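So the structure is just underneath, and the comments pick up after that.
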Amino acid sequence: MSSALLTDLRARGLIFQAAGEEQLPEWLDGGVRTLYCGFDPTADSLHIGSLVPLLMLRRFQLAGHRPLALVGGATGLIGDPSFKAQERQLNTPEVIAGWVDKIRQQVSRFVDFDAGEASAIVVNNLDWTRDMDVLTFLRDVGKHFSVNAMIQKESVKQRIEREGSGISFTEFTYMILQSYDFAELSKRYGCGLQIGGSDQWGNITGGIDLARRMYGNQVYGLTMPLITKADGTKFGKTESGTVWLDPVRTSPYAFYQFWLNTADVDVYRFLKYFTFLPVAEIDVLERADEQRQGRPEAQSVLAREVTRLVHGNEGLVAAQRITEALFSDNLSTLSAADFEQLRLDGLPASELPEAASMPATLTQLLTEAGMAPSGKQVKDALARNAVLCNGRPLGWGDNEQPAAVLTPDNALHGRYFVVRLGKKKYHLFYGKAA
RNA sequence: GGAGGGGUUCCCGAGUGGCCAAAGGGAUCAGACUGUAAAUCUGACGCGAAAGCUUCGGUGGUUCGAAUCCACCCCCCUCCA
């Protein structure tokens with residue numbers, strides 16, 4: 001364990017802001033330190049936005065420190081206003097409790113619970129806030145906060161100043177709750193460092209102040225940069241929405257594809273953020289790619305590493321199997337068993353209706369299968385020969401006779417159709433087994 | 001409680017009686033070019049195969065005709081008490 005960790009984190013561009021920067025290296029070098037990062041249940045799964053902090057916990061653990069993963073059973077009931085443009089809708093306590101369970105399991109996959117002194121712990125802030133009464137909260141905790149200072153925080157400024165949106169007292173209080181978490185963890189576990197995304201800076205510094213005021217504990221804070229893409233679009237979204245960590249929401253295949261599609265300008269930075277590959281190795285890869293003609297190798301390394309981290313080796317193999325089958329034009333070499341496997345691996349698939357109950361149009365069939373949000377898009381694609389069925393282009397003329405197109409004669413192994421829309425959207429249709 | 005401002009299609013934002021399924025930009029989707037990139041160009045972009053159907057906070061009304069006018073209601077913001 002050593003502040004060599006900090007050097008590596010800096011080289012990766014993972015440190016955005018630090019509170020107590022002068023003493024931090026020394027503190028880290030002084031023994032097994034305890035740190036925490038919070039994850040609020042805002043859905044039943046985390047998405048890749050939480051990946052950097054999750055991996056960060058692991059980086060610290062690998063460096064010999066003890067990570068606490070906090071699941072925000074309490075803060076999730078309130079909602080963090082930080083840099084949010086609008087007040088959020090409250091969810092019921094029952095719903096949140098369900099999400100807490102899911103997130104606890106998810107978070108647990110990224111840290112090691114059997115690492116001696118550095119063994120991870122999952123905590124829930126509901127445990128120390130549930131039974132606190134209002135007056136205690138206001139007198140013992142609230143008294144340490146200056147509203148004057150709170151409204152100055154950049155994270156809530158736009159909500160306070162901007163016309164068209166306000167902030168409820170409930171959300172405004174969030175900062176105090178999270179600050180209290182840090183103070184409490186410093187007391188309970190000797191936790192001396194909180195990490196989080198750059199949007200958490202205000203909440204983290206609030207906690208640092210509170211820990212000192214309530215318990216005289218000197219604690220530290222680190223934030224990680226917001227992950228951005230060079231083209232300015234939001235990181236973590238695909239055409240089908242958010243990229244989730246839960247394989248049920250985002251299949252390992254889709255997850256793998258997401259990373260594979262990383263832009264060249266972003267990929268080396270992402271390798272540093274999202275993998276444990278040494279920086280030197282990433283630099284070598286970058287130089288090698290510069291020499292190469294055509295497609296760089298970095299994307300496939302990134303996709304492989306991150307998919308393995310999140311979905312394990314099995315998930316990775318499944319993702320690669322589908323990718324290989326679809327993007328190498330060798331559909332005809334696949335066996336019936338292979339198709340079944342692709343289905344199990346998470347290739348989007350649906351059962352084909354009987355010829356008698358077949359939808360009247362292909363646009364309808366493909367839309368219902370979720371390949372496109374509206375028939376218009378399918379229509380557009382058909383008109384441009386961008387819809388392929390088992391490799392054969394379909395045209396606008398085929399639209400009104402799906403039953404004539406999707407016949408057993410045209411199927412692979414009598415019942416499989418791989419329909420491709422555009423360059424990357426694939427869907428497996430399967431008929432009844434013979 | 002008082003005064004004022006505002007709610008338009010995914011987002012921003014025009015439109016203030018017919019020419020409006022609603023300008024423009026962004027996002028998104030598809031094509032060309034490529035490397036399942038980037039940049040650029042092209043097309044699509046409420047729903048529908050089409051005929052046609054449904055939109056401009058809500059409900060009623062005026063009118064041959066409403067996103068646009070009227071009434072009431074709901075929500076948001078600003079200032080004052």
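Predicted model only: the values in this text are computed from it and were never measured. Per chain, numbering begins at 1; letters A, B, ... match sequence-line order.
- At a threshold of 4.0 angstrom between heavy atoms, the contacts of P296(A) include nucleobase atoms, whether or not backbone atoms are also involved.
- Look at CZ on R295(A): it is 13 Å from C1' on A38(B), rounded to the nearest Å.
- If you measure from atom NE2 of H427(A) to atom P of U36(B), you get 23 Å, rounded to the nearest angstrom.
- Base pairing of U40(B): its partner is A32(B), meeting the Watson-Crick or G-U wobble criterion (both donor-acceptor distances under 3.5 Å).
- Rounded to the nearest Å, the gap between the P atom of C75(B) and that of A67(B) is 25 Å.
- Contact record, V111(A) with P67(A): CG1-CG, 4.0 Å, taken as the closest heavy-atom pair.
- Checking C53(B) for Watson-Crick or G-U wobble geometry (two distances, each under 3.5 Å) identifies G46(B) as its partner.
- Nucleotide A71(B) forms a pair with U59(B), judged by Watson-Crick or G-U wobble geometry with both contacts under 3.5 Å.
- R304(A) places its CZ atom 18 Å from the C1' atom of U36(B), with the value rounded to the nearest Å.
- The closest side-chain donor-acceptor pair between D80(A) and Q200(A) falls under 3.5 angstrom.
- One finds a side-chain N or O of K424(A) lying less than 4.0 angstrom from the OP1 or OP2 phosphate oxygen of A37(B).
- Residue-to-nucleotide proximity on RNA chain B shows that, of Y256(A) and Q364(A), the 5′-proximal contact is made by Y256(A).
- A360(A) comes within 4.0 angstrom of nothing in the nucleic acid, heavy atoms only.
- For the C1' atoms, the distance linking U9(B) with A23(B) amounts to 13 Å, nearest Å.
- At whole-Å resolution of the value, CD in E290(A) and C1' in G35(B) are 16 Å apart.
- Shortest non-hydrogen contact noted between F83(A) and E154(A) is CE2-O, 3.9 Å.
- Regarding Q377(A), its CD atom lies at a distance of 16 Å from the C1' atom of A49(B), rounded to whole Å.
- Following rounding to the nearest Å, F255(A) (CZ) and U36(B) (P) show an atom-to-atom distance of 22 Å.
- Atom CG in L382(A) sits about 12 Å away from atom P in G31(B), given to the nearest Å.
- Below the 3.5 angstrom threshold, one finds no donor paired with an acceptor across the side chain of N385(A) and the base of G31(B).
- G48(B) and C64(B) are spaced 36 Å apart, taking the P atom of each and rounding to whole Å.
- Here, A66(B) and G43(B) have their P atoms 34 Å apart, quoted to the whole Å.
- Residue K379(A) places at least one side-chain N or O closer than 4.0 Å to OP1 or OP2 of A50(B).
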Side chain to side chain donor-acceptor pair (under 3.5 Å) assessment of Y36(A) paired with Q194(A): CA-CA 5 Å; Y36(A) 103 91; Q194(A) 181 180 176; 3.1 Å; yes
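- Shown here, A21(B) forms no base pair; nothing in the strands shown gives a Watson-Crick or G-U wobble contact with both key distances under 3.5 Å.
- A distance of about 12 Å separates the P atoms of U55(B) and G60(B), rounded to the whole Å.
- The side chain of D380(A) lies closest to G43(B), out of G43(B), A49(B), C33(B).
- Of all the heavy atoms in R249(A) and A43(A), the pair that sits closest is NH2-CB, 4.5 Å.
- Backbone-only engagement by N399(A) is indicated by non-hydrogen atom pairs under 4.0 Å involving sugar-phosphate atoms exclusively.
- Among the heavy atoms of the strands lying under 4.0 Å from T363(A) are primed sugar atoms or P, OP1, OP2 only; no base atom is included.
- Closest approach to the E400(A) side chain among A49(B), A30(B), G48(B) is made by A49(B) (side chain taken as heavy atoms from C-beta onward).
- In this structure, R420(A) places its CZ atom 12 Å from C1' of G31(B), rounding to the nearest Å.
- Here U9(B) sits opposite no nucleotide as a Watson-Crick or G-U wobble pair (both hydrogen-bonding atom distances under 3.5 Å).
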ring-ring contact (aromatic ring centres under 6.0 Å, His included) evaluation trace for Y430(A) with F417(A): CA-CA 6 Å; Y430(A) 53 97; F417(A) 302 90; over 10 Å; no
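- As rounded to the nearest Å, G7(B) and A37(B) have P atoms that lie 41 Å from one another.
- A donor and an acceptor atom sit less than 3.5 Å apart, one in the side chain of Q257(A) and one in the base of U36(B).
- The side chain of R384(A) has U42(B) as its nearest neighbour among U42(B), A37(B), A49(B).
- Applying the 4.0 Å criterion to OP1 and OP2 of C29(B), one finds that K423(A) has every side-chain N and O outside that range.
- Taking atom C1' in both G13(B) and G6(B), the straight-line distance is 14 Å, to the nearest Å.
- Checked for salt-bridge contact, K376(A) and D380(A) miss the test: no charged N lies under 4.0 Å from a carboxylate O.
- Each of T361(A) and D264(A) lies near RNA chain B, and the nucleotide nearest D264(A) is the one positioned closer to the 5' end.
- With both ends at atom P, the span from U59(B) to A49(B) equals 28 Å, rounded to whole Å.
- Between Y416(A) and H413(A), the angle of the ring planes goes over 60°, which puts this pair in the perpendicular group of the 30/60° scheme.
- Both distances falling under 3.5 Å, in either a Watson-Crick or a G-U wobble arrangement, place U78(B) opposite A3(B).
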